[in-house]
Protein chains: 2
Amino acid sequence: MARIKDVAKQAGVSVASVSRVLAGHSKVSESIRQRVLGAVHDLSYRPDLAARRLRSRQTDTIGLIVSDIRNPFFTEVSRAVEDVSYQHHLRVILCNTDEDVEKENLYLDLMRDENVSGVILSPTLTTLAGFRARDYPFPMVLVDRCDRDTAADAVILDNVDAGYRLTTHLIDNGYRRNIFFYGTTSATGRQRREGYVAAMAAHGLEAHAEPVRSTATAEHGRAAAYERLRRRPLPDALVASSGLILLGLTEALRESKLRFPDAVALAGFDDLPWTRLVEPGITVISQPLYEIGRAAIELLLQRIAKPDQAVRRVVLRGELIERGSTAKRNGSAGVSVAA
Amino acid sequence: MARIKDVAKQAGVSVASVSRVLAGHSKVSESIRQRVLGAVHDLSYRPDLAARRLRSRQTDTIGLIVSDIRNPFFTEVSRAVEDVSYQHHLRVILCNTDEDVEKENLYLDLMRDENVSGVILSPTLTTLAGFRARDYPFPMVLVDRCDRDTAADAVILDNVDAGYRLTTHLIDNGYRRNIFFYGTTSATGRQRREGYVAAMAAHGLEAHAEPVRSTATAEHGRAAAYERLRRRPLPDALVASSGLILLGLTEALRESKLRFPDAVALAGFDDLPWTRLVEPGITVISQPLYEIGRAAIELLLQRIAKPDQAVRRVVLRGELIERGSTAKRNGSAGVSVAA
DNA sequence: CTGTTAGCGCGTTCAA
DNA sequence: TTGAACGCGCTAACAG
């Protein structure tokens, strides 16, 4: 393995000159430049990153900490983060917390030890409470989860609005006894529930929100829905606060031999391929997933460049995609309102 | 930020003793141990990884290079890799190649520069040709893709067998004009096609394999299938060589207003949630995804521990999951064979 | 068992 | 513009 001193010797210059040529920002005569580049090529020299990092105190590495990469939301976000990072010559360290605060803290400690350039975090509820980015020794951007008073850059959906619109759509289409299944492990589920509750109240309807411990799998959502579907009377509609919970609800309906929208309507979040494929299609709020990831990494890059600039927040709007699972009911309230 | 010398001073010992206590493998008196640990705690000392890596020439980092993390196969594999890595105090650097050889090479160079402990790679066809793990300066394990003569540790499905069994199942159930859509960008698709061709031949049937440039999205599969479904006569069945292509085929059938299995049967790979949800369920070969990822990282850990041991290969068997999309045809060959 | 010391490979002063 | 020398923080020899 060739070292910088080997290159210097081969080129007949000092190691400092080699370093300068490689760094590119200092003034070096063209002749030295050429000789160094030639030697680098001849020796197949590659700078030692460990040494460079020790000296420069920079790692060109960012950390991506999510609850579970298998959640399609985070899958897509991580892809965007990796894409942009790659373009900026940054490596990405991937971490899954499983909504476990201890694991999350271990990973955050790891980020400090790694001296990463920055971190993109989807925090647990516990960590989000009173969260301040400047309490950490590295730049950090939150994604997907963030409260109104959180002191950190963040990229989120307008969750309250999304929950409100999705619920209003159901009500407009004649569904009145709507049950909202929301994940209790993240701020997102609670915010969407808030919108649901507001929409129900705005129409003089009683809200029924079912908490779901939606830790990464759809299983909890399925179980909760299945339990509810055994009781009578049946609700008019089931609403999921996330893509994973929606999957669980769909499974529960299938298992209960209930067709939607005839027996029970269904709606939720994330426009994943299967929501289109399951007949007659499932109504969802679509999030611009890749865009969210891209915004997060770009916010982080800006924060790295200007550590002291004011906190910024990117709030994206979800798109309501109406499908058969919430088709208008005959003689429904929606119709009478329209009349 | 406290340094090792600060800890040494605070504890009234030498830096070497601090290093020994932290390393744990040398003999140190209990009194020094306690004092060092106390000082470490008092000063909130954290060793500098950059310095440690420069000195020890080890990074405790592994690279995971896949075509696209959004492919559910790699999503699940990456989760397993991260889990096991975490347990072994290893970090994971995530890389997406998009089946692009140039990107793949850049990432492999990066792995060298990073001096990673090892790499898990899902190689492009180009890279797989004549691949030898020992041509690289770090331990490497292949996942998902591997030829018979590849000189590298690898974890793969028995793809030929899986393609054969899936096709045989179709034939047994009375489907004879079966078209196989396979991804041309990976060895996996070709191997599964091989099994398909063999099964068709074994029953005296003509094989029709349609190449699909399945670069990470289902779109190419959808387009290819849609094109074919416009022509007459229709085939008896569509078979996908991967989960993503299966998604595309399903979309094409939906778009063509063709119901399965009545108009055309459908089968493919990967037992993802949606294959159960799309009525009447899609027949698939299920791969033990998490298991594949786990086997890969464990193979890598063993290779790291014993760099010179013989090349090993883990070949897993897929499980045929029969669903409505390939229901037995009336008066079919399957019935007559069974009679 | 403990301390002293010499690097690991590089970037960056400081003089020239 | 260029080169010599120092030190980033740590681990591993070596000597005691």
Side-chain angles (χ1 to χ4, degrees), chain A residues 1-40 43-61 89 109-110 112-117 137-138, chain B residues 1-40 43-61 89 109-110 112-117 137-138:
Chain A
M1 213 45 189
R3 297 302 162 199
I4 197 171
K5 69 166 67 162
D6 304 318
V7 175
K9 192 176 294 175
Q10 166 97 359
V13 300
S14 70
V15 292
S17 289
V18 178
S19 180
R20 288 191 191 99
V21 169
L22 264 37
H25 46 246
S26 310
K27 295 291 174 197
V28 186
S29 72
E30 190 56 26
S31 99
I32 285 193
R33 231 182 78 80
Q34 291 304 335
R35 274 187 291 158
V36 167
L37 259 25
V40 164
L43 301 175
S44 301
Y45 169 72
R46 306 253 64 199
D48 185 302
L49 287 185
R52 180 173 274 186
R53 284 170 180 164
L54 172 59
R55 187 58 235 237
S56 70
R57 309 275 53 183
Q58 298 213 17
T59 57
D60 293 337
T61 300
H89 305 289
D109 286 347
L110 173 68
R112 184 170 71 118
D113 292 350
E114 288 281 351
N115 188 31
V116 293
S117 305
F138 40 75
Chain B
M1 214 43 188
R3 299 301 164 198
I4 197 171
K5 68 165 67 161
D6 303 319
V7 176
K9 191 176 296 175
Q10 166 96 359
V13 300
S14 71
V15 292
S17 290
V18 178
S19 180
R20 288 192 191 98
V21 170
L22 264 37
H25 47 244
S26 309
K27 296 291 173 198
V28 186
S29 75
E30 190 55 24
S31 101
I32 283 192
R33 232 183 75 80
Q34 291 305 334
R35 273 189 293 158
V36 167
L37 259 25
V40 163
L43 301 175
S44 300
Y45 169 72
R46 306 254 65 200
D48 185 303
L49 288 183
R52 181 175 274 184
R53 285 169 179 165
L54 172 59
R55 189 56 232 236
S56 69
R57 309 274 57 185
Q58 298 213 16
T59 56
D60 294 337
T61 300
H89 305 289
D109 287 346
L110 173 67
R112 184 169 71 117
D113 292 348
E114 286 282 349
N115 188 31
V116 293
S117 305
F138 40 76

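Throughout, protein chains are lettered first and strands after them, A, B, ... in sequence-line order, and every chain is numbered starting at 1.
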In whole angstrom, give the distance that lies between atom CZ of R35(A) and atom C1' of dT1(D).
12 Å
Rounded distance (Å) that lies between atom P of dC10(C) and atom CG of D6(A)
9 Å
What integer distance in Å separates D113(B):CG from dC10(C):C1'?
14 Å
In short, L43(B) meets Q10(B) closest at the heavy-atom pair CD1-CB, 3.9 Å
May I have the distance from D48(B) (atom CG) to dG7(D) (atom C1'), rounded to whole angstrom?
13 Å
Sub-4.5 Å side-chain heavy-atom contact between E114(B) and T61(B):
no
Evaluate whether atom CD of Q34(A) has more than 12 neighbouring non-hydrogen atoms of other residues, nucleotides or ligands under 6.0 angstrom away.
yes
Closest heavy-atom pair and its distance - I32(A), S17(A):
CG2-CB, 4.2 Å
Quick one: are K9(A) and V18(A) in side-chain contact, heavy atoms under 4.5 Å?
no
Can you tell me how far C1' of dT12(C) sits from CZ of R53(A), to the nearest Å?
19 Å
Report yes if at least one side-chain N or O of R57(B) is closer than 4.0 Å to OP1 or OP2 of dC8(C); otherwise report no.
no
So, is Y45(A) close to the dG9(C) phosphate, meaning a side-chain N or O under 4.0 Å from OP1 or OP2?
no
Can you tell me how far P of dG9(C) sits from NZ of K9(A), to the nearest Å?
13 Å
V40(B) and L22(B): CA distance, side-chain angles, deciding distance, side-chain contact (heavy atoms from CB on, under 4.5 Å) verdict:
CA-CA 9 Å; V40(B) 163; L22(B) 264 37; 4.1 Å; yes
Could you tell me how far apart L22(A) (CG) and dG11(C) (P) are, to the nearest whole angstrom?
7 Å
Which whole-number value in Å describes the distance from I4(A) CD1 to dC8(C) P?
14 Å
Non-hydrogen atoms of A50(A) and D48(A) that approach each other most closely:
N-OD1, 2.8 Å
Check nucleotides 2-6 of chain C for protein N or O atoms closer than 3.5 Å to its own N or O atoms and list the pairs.
| residue | atom | partner | partner atom | Å |
| --- | --- | --- | --- | --- |
| dT2(C) | OP1 | S29(B) | OG | 2.4 |
| dT2(C) | OP2 | S29(B) | N | 2.6 |
| dT2(C) | OP2 | S29(B) | OG | 3.4 |
| dG3(C) | OP2 | S14(B) | N | 3.2 |
| dG3(C) | OP2 | S14(B) | OG | 3.3 |
| dG3(C) | OP2 | S17(B) | OG | 2.8 |
| dG3(C) | N7 | R20(B) | NH1 | 3.4 |
| dG3(C) | N7 | R20(B) | NH2 | 3.3 |
| dG3(C) | O6 | R20(B) | NH2 | 2.3 |

Starting from the 5' end of DNA chain C, give me the residue, L54(A) or A23(A), whose nearest nucleotide shows up first.
L54(A)
